[in-house]
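One structure is given here, and the rest of the page talks about it.
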Amino acid sequence: MKPNSVSVYPLADPAMIAGAGSAILKILQQAAGGSEDDGELQVDPNTGMLRFVRPSLLDTSEGALGKPENAEQAARRFLDAVRAYSASLRSADGRTLPNLLPPILRTTGLSIGVNSAGDPAHWVVRFTPLISPGLVPQSGLISMVAGTQKDNVAGQAGSLPAAATMPVIGSPGGRVLPVPPSPPAPPPAPSPELPVAPPVDVVNAIIDVRVTSRGSICALTSRWRPLAANEVITTGLLPEPQDEHANESETGPVIGYLVASDCDPQRFLAPYFLSLGHGGLVSAPASTYSLTALIIPVGSGEFRVMVSGNSSGQLRYGWAAYSLSQPEGGIVGLGSEDRVHLDPGIYNLIVDVMDLSTGAICRSESIAPVYPIESNGGMAGSSNPEGGG
Amino acid sequence: MATRKFPLAGEDTGNWSGECSLLTGAPSAGLVLRDVKHDNFSLARDMRVVRVWIGEDQSRPENWVSMRLGASNLPAIEDKIAVDAVDDPKDPNKAPPLELLAPYPRAREFSAKFNTPGAVLGDPASGDSQPLFITQRYLFTRYSLTPFHEPLGVLTAARVYPLLQFRYDARNVKERRRPRILRVDYRLEFALEPQVKMTDLVGRSFKPKSREGFNQASIILDPDTRPTAFSDLFAAAEKPLPTEAIGQGLRHGDKADWDNVHVWGALVGLLPSTPGVTHGCHLHWRWGAFMLVPGSGAVTVKGGPQFGRPAAGLVQSGAGLVDWRISDQSLRFAITGDANRNATGAWRASAGPSERVFDDLFTSEQPSLIKDGAPSIVIWLSFTIFRQQSDTLWDGTVMLPGIYFAHDPENTPIALGLGGSTEEMHKPGSVSGSFGWIRP
């Protein structure tokens with residue numbers, strides 16, 4: 001029998017991780033067995049993803065590569081050491097630092113890293129995270145305690161600046177979408193004992209550890225978004241979707257978790273029903289934190305967004321666009337209605353959607369042509385134009 | 001000459017790294033990228049435009065004018081690499097609008113501008129023709145799943161766009177000499193690391209030699225109708241490409257003989273999945289017509305407008321992915337892997353090689369075997385743009401779809417779910433027998 005509840009994991013505040021960069025660098029250097037001066041760390045301020053490199057080792061070649069299984073063992077020892085060192089660390093204000101690494105890792109493959117001369121220089125041991133959809137394993141995450149979640153979700157919502165913006169990353173000039181502050185989520189009920197479920201895949205999160213032939217760690221690249229320490233939400237499992245691809249799928253829907261692309265905002269590591277087949281991966285929400293959004297044209301220059309995986313609560317939107325033919329005009333905020341209207345032209349249209357009940361957020365982005373398109377492309381218009389950029 | 005490594009300290013390049021140089025003087029080559037990596041995974045050793053040709057008559061290449069970016073007949077406007085530059089909208093010679101096919105998240109851009117001192121055809125001071133303005137750009141994007149890079153929507157990748165934008169304004173002037181052909185030749189040298197599955201290596205002795213032939217390539221032609229079986233997903237394929245080859249990618253903006261090239265690093269006998277190539281370089285200039293529209297069946301296609309070409313207010317499925325302003329363009333390509341010729345011989349990057357007849361650069365030699373791998377694979381792209389009307393503004397962007405680079409393991413839920421084939425594919429041809437340069 002399948003459980004009727006599933007776990008959702010709040011993500012750590014990337015700003016807090018970035019703020020703890022010095023401490024994290026020391027952890028990584030210590031775990032890699034290097035000195036204090038050996039190693040550079042980059043923490044993505046929007047996702048908390050880590051990139052650690054020891055340049056002195058990355059480009060050199062220490063001779064023939066060793067056995068791949070030895071490289072894997074060295075990589076796992078390094079990652080275990082990182083977990084152990086970080087478990088006892090706290091931030092300056094006494095908060096427990098987030099879990100920097102996933103609780104479980106599966107070795108997915110290896111690559112051969114070459115140096116600048118093109119010679120084999122090190123192994124790249126590649127891991128895919130796994131996570132429990134039920135009770136969290138003993139690595140440090142525990143069941144939620146009543147009242148704790150409210151504080152943390154409120155803390156995350158309250159971390160929006162007073163100007164009420166959601167960061168929109170990765171396009172020219174930087175982007176922010178004007179969105180009013182969201183109220184804190186209501187406290188969830190205390191969780192009962194949950195059955196232990198086998199761990200499942202976390203999709204789109206790869207962790208690479210580069211290991212020299214002598215077993216030294218020369219780099220860590222993590223596309224994992226760290227989880228908030230000691231937090232998990234237990235929530236109802238949505239019904240399985242009707243499987244339209246039953247004839248093509250080699251497996252029925254399974255539960256997996258998705259990490260958003262590097263540029264997209266995300267607050268929860270949430271579950272989805274995943275169907276595998278010759279179309280790749282088809283996903284459907286498995287909880288009311290598994291928000292998805294899709295921009296759809298409805299005609300006459302109007303665009304709306306189709307949302308699924310949300311609770312029955314209120315949704316909040318933030319739209320923005322820039323003209324593809326006149327990008328020097330910058331990004332224009334287009335308001336917070338559930339729809340937007342554009343004048344003729346061709347645009348890059350973006351919408352962020354937030355579920356105010358849960359705090360879950362997701363993004364959809366699309367090329368939006370509005371016909372007739374003049375040769376100079378036109379400019380974006382809106383029923384609620386706002387400045388932005 | 002200007003050179004800068006990237007990223008600089010504190011610079012956000014979306015985890016791309018390498019070196020960007022503006023090569024002027026001798027040998028000039030314009031803006032060049034070297035040692036390009038993403039997340040420390042190697043993509044390219046060298047990327048550059050080797051030549052720009054311009055002429056009046058397609059049938060008379062002997063009369064075409066040859067230009068190298070940064071040379072005296074096409075000098076750089078300033079000896080500086082611009083970063084994330086935006087043209088002044090009031091600049092009468094600004095680059096044409098850059099309308100990429102999808103909003104891939106931009107990270108960083110390097111650019112430089114060039115212009116002929118005067119008339120591009122005839123004496124510069126003659127006024128027989130107008131000047132030619134060129135903006136050369138390398139645009140990098142972040143690693144992302146969306147917008148989809150391919151119609152199945154399963155690959156996470158980052159993109160690099162080696163763009164060339166040109167502007168030739170003949171409005172309200174008398175042209176005594178009218179350029180009708182503009183040709184842009186690229187040399188893109190890829191060198192990727194191989195990846196393997198743990199299960200394939202445990203228990204085997206493995207000692208890779210230095211400079212081992214780690215790189216292989218494939219060329220593929222997509223079908224235009226939705227396949228009824230997954231095995232029919234390709235109308236033609238050579239994977240791995242057995243020998244160096246020359247092929248036709250587009251004819252006057254439309255389908256020709258091949259639609260894409262892939263390069264990957266692999267050990268002999270272990271091929272990446274197709275479709276898939278979750279760790280490899282992808283270069284597509286056309287997608288099969290059915291891939292524009294979402295649909296399910298033997299193959300579930302998520303589709304998207306980025307897999308067709310904007311045309312008169314619509315998106316044209318199955319058309320070449322070219323700038324609609326210059327949709328009448330053809331693409332011819334060559335793939336070489338001979339280590340000596342690519343590195344120190346006639347095809348070396350520093351020579352900026354290009355011939356009036358594209359094939360002539362290669363066909364004086366026998367094509368080398370590259371089936372079992374090469375230290376690097378060079379893809380040569382020759383875009384020929386045909387001018388439709390005189391007395392107009394002739395402008396556009398070359399290499400619009402760019403290149404996308406995925407570096408995820410093969411053994412992930414998405415890749416496994418896709419169920420691509422790791423077998424060789426030689427369809428409709430056969431590996432046996434001798435091959436000349438021209439494929440098919």
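Below, chains carry the letters A, B, ... as their sequence lines are ordered, and counting in each starts from 1.
Scored by the side chain to side chain contact (heavy atoms under 4.5 Å, CB included) test, A:P297 finds A:F303 as partners (sequence neighbours excluded). Partners of B:D46 according to the salt bridge (charged side-chain N to carboxylate O under 4.0 Å, His left out) rule, which considers only residues two or more places apart in sequence or in another chain, are B:R34, B:R48.
If you measure heavy-atom distances from A:Q42 to chain B, the contacts under 4.5 Å come from the side chain alone. Both the backbone and the side chain of B:D39 have a heavy atom closer than 4.5 Å to some heavy atom of chain A. Both the backbone and the side chain of B:N40 come within contact range of chain A, each with at least one heavy atom under 4.5 Å from a heavy atom of that chain. Looking at A:L349, neither its backbone nor its side chain comes within 4.5 Å of chain B, counting heavy atoms on both sides. For A:V125, no part lies near chain B; criterion is any non-hydrogen pair under 4.5 Å. With a 4.5 Å cut-off on non-hydrogen atoms, B:S42 touches chain A through its side chain but not through its backbone.
Annotation: cation-pi pair A:R210/B:F41 present, NZ/CZ under 6.0 Å from the ring centroid and within 45° of its normal.
Separation of the B:H38 and B:F140 ring centroids does not fall under the 6.0 Å cut-off.
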- Under the side-chain contact (heavy atoms from CB on, under 4.5 Å) criterion, do A:I206 and A:R126 qualify, and how do the steps go? CA-CA 7 Å; A:I206 304 291; A:R126 318 202 71 183; 4.1 Å; yes
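Counting non-hydrogen atoms of other residues, nucleotides and ligands closer than 6.0 Å to NZ of A:K67 gives a total of 12 or fewer.
When each of B:E193, B:Q306, B:H279, B:H407 is scored by its heavy-atom pairs under 4.5 Å with chain A, the top score falls to B:E193.
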